[in-house]
Amino acid sequence: QLELVESGGGLVQLGGSLRLSCTGSVFSLDRYAIGWFRQAPGKEREGVSCITNSGHSTTYVDSVKGRFTISRDNVENLVYLQMNSLKPEDTGEYYCAAGPTRRLHNGSFACTVVSSDYANWGQGTQVTVSS
C-alpha cells in the first residue's frame, strides 16, 4: 500500500504564499502521476492540479491557473504545490494522491484532476487564508 504524506500547510494572509509537499513514505512516487485536491468545509473535494510521473505534463483547474505551480523531484521523491497570491477561497484541507499517467491517442501523456482516478491518498494538510 502506497502511503503519502503531505506537509507545508498553515495560516497565511490574503496574497501570501505557501508551498505544499507530498512524499511517499515507503514507495517511490516516480511511477505515479500525482494530483493535488482540496476540500473546504461543507463542500465537495475538488481537483486542483496534477503532474505526470515524468513531470513533463501538468494540469491546473481554472481557479488556480497563474497562481499555483506543481512540480516534482523524483530523486528526492517529492512533489510540490507552490501556491502564490492566495485567496480566502483557497482555504481547505489539501490532499495529494497517486494515480496513473495516461497515454493519449496522439502518443502524449497526461494526468487528470478527477478524484476517482486516484487510489492512494494522503491524510491532508490544512491551508487557511485569512482576509
Undergrad: Decide yes or no on side chain to side chain contact (heavy atoms under 4.5 Å, CB included) for Phe68 and Asn84, but give the supporting numbers first.
TA: CA-CA 6 Å; Phe68 290 12; Asn84 299 328; over 6 Å; no

Undergrad: Would you confirm whether Glu6, through its side chain, and Gly124, through its main-chain N or O, come within 3.5 Å as a donor-acceptor pair?
TA: yes

Undergrad: Quick one: OG on Ser21 to CD on Glu76, what's the gap to the nearest 0.5 Å?
TA: 11.0 Å

Undergrad: Going by salt bridge (Lys or Arg N to Asp or Glu O under 4.0 Å), name the residues that satisfy it together with Arg67, two or more places apart in sequence or in a different chain.
TA: Asp90

Undergrad: If the condition is ring-ring contact (aromatic ring centres under 6.0 Å, His included), which residues does Phe37 pass it with, not counting sequence neighbours?
TA: Tyr118, Trp121

Undergrad: Looking at residues at least two apart in the chain, or sitting in another chain, which of them share a side-chain hydrogen bond (donor to acceptor under 3.5 Å, both in side chains) with Gln126?
TA: Thr128

Undergrad: Specify the closest pair of heavy atoms between Tyr94 and Met83, including all atoms of both residues, with the distance to one decimal.
TA: CE2-SD, 3.8 Å

Undergrad: Quick check: is Val64 connected to Tyr95 through a chain of hydrophobic side chains (ILVMFWY, heavy atoms under 4.5 Å apart)?
TA: no

Undergrad: Going through the distances and angles, do Thr91 and Val127 end up as a side chain to side chain contact (heavy atoms under 4.5 Å, CB included)?
TA: CA-CA 5 Å; Thr91 294; Val127 171; 5.8 Å; no

Undergrad: Sort out for me which residue in Asp73, Leu4, Asn120 forms a side-chain contact (heavy atoms from CB on, under 4.5 Å) with Leu29.
TA: Leu4

Undergrad: At their closest point, which heavy atom of Ser17 faces which heavy atom of Gln82, and how far apart are they?
TA: CB-NE2, 4.0 Å

Undergrad: The test is side chain to side chain contact (heavy atoms under 4.5 Å, CB included); show your working for Gln123 and Val5 and say whether it passes.
TA: CA-CA 7 Å; Gln123 295 300 308; Val5 179; over 6 Å; no

Undergrad: Among pairs that include at least one residue of residues 14-87, which meet disulfide bond (SG atoms under 2.5 Å apart), considering only residues two or more places apart or in two chains?
TA: Cys22-Cys96, Cys50-Cys111

Undergrad: Suppose we screen for side-chain hydrogen bond (donor to acceptor under 3.5 Å, both in side chains). Which residues come up paired with Lys65, at least two apart in sequence or across chains?
TA: Asp62

Undergrad: Closest approach of Gly24 and Asn77, non-hydrogen atoms and distance?
TA: O-ND2, 3.2 Å

Undergrad: Is the backbone N or O of Gly9 less than 3.5 Å from a side-chain atom of Thr125, with the two atoms forming a donor-acceptor pair by type?
TA: yes

Undergrad: Is there a side chain to side chain contact (heavy atoms under 4.5 Å, CB included) between Leu86 and Leu14? Walk through the geometry before answering.
TA: CA-CA 6 Å; Leu86 283 162; Leu14 173 68; over 6 Å; no

Undergrad: Just to verify, what does Thr69 make a side-chain hydrogen bond (donor to acceptor under 3.5 Å, both in side chains) with, not counting sequence neighbours?
TA: none

Undergrad: Considering non-hydrogen atoms only, spot the tightest contact between Asn74 and Arg72 and give its length.
TA: OD1-NE, 2.8 Å

Undergrad: Going by side-chain hydrogen bond (donor to acceptor under 3.5 Å, both in side chains), name the pairs with one or both residues in residues 22-35, residues two or more places apart or in two chains.
TA: Glu3-Ser25, Ser28-Asp30

Undergrad: Pro100: which residues meet the side-chain contact (heavy atoms from CB on, under 4.5 Å) condition with it, sequence neighbours left out?
TA: Arg102

Undergrad: If you measure from CG on Leu20 to CD1 on Ile70, what distance do you get to the nearest 0.5 Å?
TA: 10.0 Å

Undergrad: Just wondering, do Ser57 and Phe109 contact through their side chains at under 4.5 Å, heavy atoms?
TA: no

Undergrad: If only atom types and distance count, is the side chain of Asn53 paired as donor or acceptor with the main-chain N or O of Thr101 below 3.5 Å?
TA: no

Undergrad: Run the side-chain hydrogen bond (donor to acceptor under 3.5 Å, both in side chains) test against Thr112 and tell me which residues pass, sequence neighbours left out.
TA: Asp117

Undergrad: Only pairs at least two apart or in different chains count here, so list each salt bridge (Lys or Arg N to Asp or Glu O under 4.0 Å) that has a residue in residues 43-55.
TA: Arg38-Glu46

Undergrad: Just wondering, more than 12 heavy atoms not from Gln13 lying within 6.0 Å of its CD?
TA: no

Undergrad: Using a 4.5 Å cut-off on heavy atoms from C-beta on, say whether the side chain of Trp36 contacts that of Val113.
TA: no

Undergrad: Who clusters with Tyr80? Use side-chain heavy atoms, under 4.5 angstrom, across I, L, V, M, F, W and Y, and order the result by chain and number.
TA: Leu78

Undergrad: State which residues pass side-chain contact (heavy atoms from CB on, under 4.5 Å) with Ser108; sequence neighbours excluded, sorted by chain then number.
TA: Leu104, Asn106

